[in-house]
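Chain naming here is simple, since letters A, B, ... match the order of the sequence lines and numbering starts at 1 in each. Everything numeric in this text was worked out from a predicted model, so none of it was measured.
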2 protein chains.
Amino acid sequence: MEGQITAMLRERGFKVTPQRLAIYETLRQTKSHPSAEMIFHELQPLYPTMSLATVYKTIEILKEIGLIQVLNAGEDSFRYDADVSNHPHVRCMKCGRVDDIMGIESEDFIDLISQNTSYKLTGQQFYFYGICPKCQITTPH
Amino acid sequence: MEGQITAMLRERGFKVTPQRLAIYETLRQTKSHPSAEMIFHELQPLYPTMSLATVYKTIEILKEIGLIQVLNAGEDSFRYDADVSNHPHVRCMKCGRVDDIMGIESEDFIDLISQNTSYKLTGQQFYFYGICPKCQITTPH
DNA sequence: TTGCTTGCAAAGTTTTTGCAGGCGC
DNA sequence: GCGCCTGCAAAAACTTTGCAAGCAA
């Protein structure tokens with residue numbers, strides 16, 4: 001599983017660079033669904049010369065290869081997830097964090113939709129909005 | 001049902017202006033889920049002096065009052081829908097159009113999610129991606 | 001008349017593009 | 001060494017803000 005990115009980049013004719021590996025690794029090691037800016041700041045200490053433009057360009061490639069998925073939970077910016085499995089996301093309307101919702105079997109629901117549209121479906125994203133446990137405590141009413 | 005916007009604006013202390021009525025009416029009379037820019041261009045002939053800023057400011061109010069809902073189907077810009085009922089949307093990856101998916105009962109699915117997260121849920125958006133009927137014909141493979 | 005609203009312009013945010021030097025292969 | 005890649009800067013795209021004049025109530 002690990003190191004797969006190297007092979008997948010080369011297969012598609014992309015070069016393997018430290019920046020690309022670092023950006024993917026950052027996404028693999030977090031569940032916080034960071035934006036480009038967040039990834040950039042995360043890598044700043046390790047790669048002081050890294051630019052935001054490189055983050056965006058790398059994200060574009062990783063998306064194309066299918067190594068990451070792109071999220072927009074109603075914010076101004078996009079977030080990225082190295083877990084490309086089909087799972088819903090939930091955003092806290094108070095603190096802004098975005099979490100995974102795991103363990104949901106949505107095939108039946110998707111089939112139902114498929115039968116109710118004339119589109120040929122290729123994918124989907126389910127976003128939920130609410131208040132996270134921590135923010136429920138802070139403001140309990 | 002019609003003219004409700006007038007009362008709802010006044011109730012909240014907002015003034016009723018031709019621009020606000022026109023922007024809401026544009027959204028009520030379409031199913032294309034226009035962006036701010038699209039609304040602006042639609043109204044340009046009728047209101048030559050209308051500005052994009054007014055469109056954005058009005059959208060902010062309509063959203064606050066609950067007369068419209070905000071969508072982001074993975075595009076750079078937001079889209080707006082005067083149908084605030086809870087229904088999924090689908091975007092064509094080829095031509096970019098965004099359509100409603102009606103007639104879906106999603107309560108059971110939402111309940112299932114509700115039981116699988118520690119968030120206190122307040123809302124959700126379901127986005128599907130695919131190819132619309134027209135684009136399926138144009139490129140049939 | 002009062003003060004919210006409009007529309008213009010400027011600014012803010014996020015993302016993309018152009019290009020010269022650098023590095024993967 | 002060739003050609004793609006990086007990083008800087010500039011630009012583009014979308015949205016927000018400031019302010020003077022205008023209009024709703």
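With sequence neighbours excluded, the residues satisfying side-chain hydrogen bond (donor to acceptor under 3.5 Å, both in side chains) with Ser32(B) are Thr30(B). For Lys63(B), the salt bridge (Lys or Arg N to Asp or Glu O under 4.0 Å) partners are Glu60(B), not counting sequence neighbours. Residues meeting the side-chain hydrogen bond (donor to acceptor under 3.5 Å, both in side chains) test with Asp100(B), sequence neighbours left out: His33(B), His87(B), His89(B). Partners of Gln69(B) under the side-chain hydrogen bond (donor to acceptor under 3.5 Å, both in side chains) rule, at least two apart in sequence or in another chain, are Gln125(B). The side-chain hydrogen bond (donor to acceptor under 3.5 Å, both in side chains) check on Glu64(B) picks up nothing, with sequence neighbours excluded. By the side-chain contact (heavy atoms from CB on, under 4.5 Å) test, Val16(B) is found to be paired with Thr6(B), Leu9(B), Arg10(B), Leu21(B), residues two or more places apart in sequence or in another chain being considered.
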Per-nucleotide protein contact string for nucleotides 19-25 of chain D (B base, S sugar-phosphate only, - none; heavy atom under 4.0 Å): -----BS
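Applying the ring pair (Phe, Tyr, Trp, His ring centres under 6.0 Å) test to pairs two or more places apart or on separate chains, none has a residue in residues 8-29 of chain B.
The separation between Leu9(A) atom CG and dG24(C) atom C1' is 12 Å, rounded to whole Å. For the pair Leu52(B) CG and dT6(C) P, the computed distance is 14 Å after rounding to whole Å.
Under the 4.5 angstrom side-chain criterion for Ile, Leu, Val, Met, Phe, Trp and Tyr, the cluster partners of Tyr119(A) are Val90(A), Ile101(A), Ile104(A), Phe109(A), Ile110(A), Leu112(A), Ile113(A), Leu121(A), Phe126(A), Phe128(A), Val90(B), Ile101(B), Ile104(B), Phe109(B), Ile110(B), Leu112(B), Ile113(B), Tyr119(B), Leu121(B), Phe126(B), Phe128(B).
DNA chain D lies under 4.0 Å from at least one heavy atom of each of the following residues of residues 36-51 of chain A: Thr49(A), Met50(A), Ser51(A).
Here Gln19(A) does not reach the OP1 or OP2 of dC23(C): none of its side-chain N or O atoms lies under 4.0 Å away. Here Tyr56(A) does not reach the OP1 or OP2 of dT16(C): none of its side-chain N or O atoms lies under 4.0 Å away.
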Please report, to 0.1 Å, the donor-acceptor pairs under 3.5 Å made by any side chain of residues 37-55 of chain A, with sequence neighbours excluded.
unit_1	atom_1	unit_2	atom_2	d
His41(A)	ND1	Glu37(A)	O	3.3
Ser51(A)	OG	Ala53(A)	N	3.4
Ser51(A)	OG	Thr54(A)	N	3.2
Ser51(A)	OG	Thr54(A)	OG1	3.2

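In the helix from dT1(C)-dA25(D) to dC25(C)-dG1(D), the rotation axis of the first five pairs and that of the last five pairs differ in direction by 40°, rounded to 10 degrees.
A salt bridge links Asp99(B) with Arg97(B): the distance from a Lys NZ or Arg NE/NH1/NH2 to an Asp or Glu carboxylate oxygen falls below 4.0 Å.
Toward the 5′ end of DNA chain D lies the nearest nucleotide of Asp76(B), the other residue of the pair Asp76(B) and Ala53(B) mapping further downstream.
With contacts defined as side-chain heavy-atom distances shorter than 4.5 Å, the pair Ile59(B)/Tyr80(B) qualifies.
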